[in-house]
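Structure, as structure tokens:
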Number of protein chains: 2
Amino acid sequence: MLPFPLKLQPGDPIYLQIVQAVKSAVATGLMGPGDRFPAVRTIAQELGVNPNTVQKAVTELTALGLIEVHPGQGCYVAVRVPVRREAKAAAVRPLVRRLLIESRNQGMAHEDLLDLLQREHTKLDEPRH
Amino acid sequence: MLPFPLKLQPGDPIYLQIVQAVKSAVATGLMGPGDRFPAVRTIAQELGVNPNTVQKAVTELTALGLIEVHPGQGCYVAVRVPVRREAKAAAVRPLVRRLLIESRNQGMAHEDLLDLLQREHTKLDEPRH
DNA sequence: TCTCGTGTATTAGCACACATAAGACACGCA
DNA sequence: TGCGTGTCTTATGTGTGCTAATACACGAGA
């Protein structure tokens, strides 16, 4: 069984769906630093997908610093190194802007957006339904 | 001159960049309901792009309800009809989730995220640099 | 009515991304 | 040595994005 939940859906590229699933699993604490990351061929078989497609996701995740490769051994969830406050903001800012534009175009009040953000934030910590 | 600022960049599809630019312009009040929307061929020439590509953006924007087509006459920025509170939330929720996951993976404190959101929110109303 | 400027649809061709397939290599470990 | 890793290579098929060149239907105005 894969340590990150993922139901493949048409529309988005498969390798990006894998990346997003891992991101989500790490963010929710479902996977922690040092955890073993499944083998490329294992994930491929589990998802019924070509190993090359999974490999692309692994390359992406490595570039993002989310997982580390131990040559000849395997992959592990990376230990996050602390970065400058400004660097974090720069990475997140585009998403913030898109969110604000979208919510405003939906005619959503700013307070309602803050409420929604708060609800989803708490929901992220206890998704054990 | 186009009523929405846009510098084409490689990476994202052109037609999506147009859609995003219009979304942004509407959200910031740069374009308002009832405003004339430039002709397909005009935008195409202004951006140095094929009319068919712009047409694709127009189709998208029409489907999103952001602009209205008056046959044989032209396009206009649509008047937003009020929708249910829950519908708005449903439209924005995926973006909220992605933002939360991303900020957490960046090791960003929740308070810092709220601060960033607030800053970008006010900045959205006075972008007249 | 005729002309012009709209949006829209069609067909074709090219480039690129995505995904698959099958095979090969270098590495670390038992 | 053998096995399980990640990684690279080549090839093929499919779909999307973009361009190109037309053509059509519609409404407004001369």
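Order of the sequence lines sets the chain letters (A, B, ...), proteins ahead of strands, with each chain counted from 1.
Taking side-chain N and O atoms only, A/K56 has a distance below 4.0 Å to OP1 or OP2 of C/dC18. Of the side-chain N and O atoms in B/T53, none sit less than 4.0 angstrom from OP1 or OP2 of D/dG17.
Note: CD (B/Q17) to C1' (D/dT16) measures 16 Å, nearest angstrom. The CG-P distance, from B/D12 to D/dG17, rounds to 11 Å in whole Å.
Using a 4.0 Å cut-off between a side-chain N of Lys or Arg and a carboxylate O of Asp or Glu, B/R104 and A/D125 qualify as a salt bridge. By the 4.0 Å N-to-carboxylate-O rule, A/E102 lies too far from B/R93 to be salt-bridged with it.
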Would you tabulate the nitrogen or oxygen pairs shorter than 3.5 Å linking the protein to nucleotides 22-24 of chain C?
| residue | atom | partner | partner atom | Å |
| --- | --- | --- | --- | --- |
| C/dA22 | N6 | A/N52 | OD1 | 3.4 |
| C/dA22 | N6 | A/N52 | ND2 | 3.0 |
| C/dA24 | N6 | A/R41 | NH2 | 3.4 |

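Ring pair A/Y76/A/H70 is tilted by interplanar angle, where 30° to 60° counts as tilted.
By the neighbour-count criterion of 12 heavy atoms within 6.0 Å, atom CD of B/Q45 is sparsely surrounded, having that number or fewer from other residues, nucleotides or ligands.
Listed nucleotides: D/dG17, C/dT20, C/dG7. Nearest to the side chain of B/Y15: D/dG17. Checking D/dG17, D/dG27, C/dG7 against the side-chain heavy atoms of B/Q73 singles out D/dG27 as nearest. Checked against D/dG6, C/dC18, D/dA28, the side chain of A/A39 finds its nearest nucleotide in D/dG6. In this structure, of D/dG6, D/dA28, C/dT20, it is C/dT20 that holds the atom nearest to the side chain of A/V49. Residue B/Q55 has its side chain nearest to C/dT8 when only D/dT19, C/dT8, C/dA19 are considered. Closest to the side chain of B/I14, out of D/dT19, C/dG28, D/dG6, is D/dT19.
A donor-acceptor contact shorter than 3.5 Å is absent between the side chain of B/Q17 and the backbone of B/L6. Using a distance-only test at 3.5 Å, with no hydrogens or angles considered, no donor-acceptor pair links the side chain of B/R98 to the main chain of A/L95.
B/P10 comes within contact range of no nucleotide atom at all, as no heavy-atom separation falls under 4.0 Å.
B/Q73 CD to B/E68 CD: the interatomic distance, rounded to the nearest 0.5 Å, is 11.5 Å.
For the residue pair B/Q55 / B/T59, a side-chain donor-acceptor distance below 3.5 Å is found, with atom types taken as modelled.
Taking a 4.0 Å limit (strictly below) on heavy-atom distances, residues 62-72 of chain A reaches DNA chain C at A/P71, A/G72.
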Practice item. Quick one: do B/K88 and A/D112 satisfy salt bridge (Lys or Arg N to Asp or Glu O under 4.0 Å)? Show the steps, please. Key: CA-CA 10 Å; B/K88 298 175 187 174; A/D112 291 345; over 6 Å; no

